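Here the structure comes first, spelled out in structure tokens, and everything after it is commentary.
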Amino acid sequence: MIASVTVVTADLDAAVSAYRDGVGLEPGAEHRTSGAPLPELDGRRSVVLSGTGTGGVVHVVELPGARVPEPLTTFGWAAAEILVADADEATERARDAGLRVLAEPRPVGAGGGLRAVQVAGPAGEALYLTQVDRAPEGFSLPRPRGPVGPVFIAVLAAEDLETARGALEARLPARRVTDHPLPVRALNAQLGRPAGTLHRVSTLQLPDRCAVEVDQYPADDPAVRAVRARRSPYDGGIVAVTLRGDGPKRTWTVPGAGGALIACT
């Protein structure tokens with residue numbers, strides 16, 4: 001399952017406040033990181049924030065000098081999808097706390113069982129706040145036990161979807177569920193493209209009602225000047241996703257996805 005997403009920020013206190021007040025996650029005690037997926041993060045101030053129920057947490061690590069990328073404009077880990085009981089209430093909470101709404105709440109996916117809003121996180125990451133009333137066919141997704149639940153999907157921005165997905169399928173207990181073109185509203189808005197522009201999206205089901213979504217970013221389009229690869233933790237945002245399972249413990253880079261890291265524990 002998804003154990004955590006690691007978010008790098010230059011301002012730990014501001015990021016924790018945003019996740020607590022704007023999303024509704026509960027912060028734990030501040031501590032110094034140990035055994036981080038990147039050596040630059042060891043010994044840094046950090047806080048883990050969690051929702052209700054079993055699943056992924058948000059691990060925010062302070063790295064002075066880290067930049068804040070514009071959400072959904074870099075390759076690598078682009079977004080964390082967090083379970084909420086009510087997407088409309090989640091939107092108002094985020095907006096009241098000063099978080100920028102990238103795309104207003106609306107039904108997503110097949111079957112009408114999901115409703116989601118996309119907001120800008122405090123460190124350059126995007127946050128998909130998703131209400132799950134009924135999982136689309138082929139998926140196993142969690143149901144909320146409170147107003148805000150865990151991280152249950154990690155969204156990967158790929159320059160080469162086939163390569164990135166192939167590596168995930170080869171190394172993880174992943175089952176391919178979807179591969180189709182979709183008009184990703186928040187991505188189109190961030191890249192200045194027409195709202196109906198289609199992007200190839202493929203989602204892999206993981207054990208314990210989690211998933212990884214792989215989005216093909218328009219890497220070969222010279223008009224998309226904002227898209228760039230994330231090369232350093234100093235670029236900020238989500239730098240790694242940690243998965244918990246029975247396989248070997250290792251950290252590896254997803255090829256074709258801007259240096260995105262996966263840590264298996």
Side-chain angles (χ1 to χ4, degrees), residues 2 4-11 14-15 18-19 36-38 40-41 56 58-82 99-103 118-129 151 153-165 167-168 182-193 197-203 212-242 251-263:
I2 294 175
S4 67
V5 295
T6 300
V7 175
V8 168
T9 179
D11 188 338
Y19 273 103
L38 287 163
E40 295 94 334
L41 304 184
V58 177
H59 184 196
V60 182
V61 182
E62 185 174 75
L63 187 61
R67 295 173 287 277
V68 182
E70 185 63 21
L72 306 180
T73 64
T74 62
F75 298 119
W77 293 113
E81 192 157 355
I82 298 172
L99 296 183
R100 176 162 53 105
V101 175
L102 302 176
Q118 291 82 39
V119 304
E125 72 283 17
L127 302 174
Y128 295 4
L129 308 179
V151 176
I153 297 178
V155 180
L156 185 64
E159 49 199 312
D160 184 340
L161 184 149
E162 294 279 355
T163 298
R165 184 180 63 187
L168 294 170
L182 293 173
V184 184
R185 295 174 302 133
L187 177 58
N188 285 331
Q190 286 298 94
L191 297 181
R193 298 168 70 84
T197 301
L198 300 178
H199 303 274
R200 187 179 174 193
V201 175
S202 183
T203 305
V212 172
E213 175 184 311
V214 186
D215 296 353
Q216 175 67 63
Y217 273 34
D220 298 328
D221 186 343
V224 184
R225 300 180 185 276
V227 176
R228 59 186 174 84
R230 177 179 285 116
R231 300 299 181 191
S232 160
Y234 284 93
D235 284 322
I238 301 173
V239 299
V241 171
T242 299
T251 298
W252 53 282
T253 300
V254 183
L261 287 177
I262 288 182

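Predicted, not measured: the structure shown is a model, and the values here were computed from it.
- Shortest non-hydrogen contact noted between Val239 and Pro233 is CG1-CA, 4.1 Å.
- Residues passing the side-chain hydrogen bond (donor to acceptor under 3.5 Å, both in side chains) test with Thr251, sequence neighbours excluded: none.
- Among residues two or more places apart in sequence or in another chain, the side-chain contact (heavy atoms from CB on, under 4.5 Å) test is passed with Ala15 by Thr9, Val60, Pro122.
- Annotation: side-chain contact (heavy atoms from CB on, under 4.5 Å) contacts of Ala240 (sequence neighbours excluded): Thr6, Pro37, Leu261.
- Contact between Asn188 and Thr197 at its shortest, heavy atoms only, is ND2-O, 2.9 Å.
- The side-chain hydrogen bond (donor to acceptor under 3.5 Å, both in side chains) test applied to Tyr128 returns no partner, not counting sequence neighbours.
- Take Arg200 and apply the salt bridge (Lys or Arg N to Asp or Glu O under 4.0 Å) test, not counting sequence neighbours, and it matches Glu162, Asp179.
- Annotation: salt bridge (Lys or Arg N to Asp or Glu O under 4.0 Å) contacts of Glu213 (sequence neighbours excluded): none.
- Counting heavy atoms from C-beta on, the side chains of Val212 and Val214 come closer than 4.5 Å.
- Within the 4.5 Å cutoff, no side-chain heavy atoms of Thr163 are placed close to those of Val254.
- Without hydrogens or angle criteria, Gln216 side chain to Glu159 main chain gives a donor-acceptor distance under 3.5 Å.
- With sequence neighbours excluded, the residues satisfying side-chain contact (heavy atoms from CB on, under 4.5 Å) with Ala103 are Gln118, Arg185, Ala186.
- Shortest non-hydrogen contact noted between Trp77 and Ala260 is NE1-CB, 3.5 Å.
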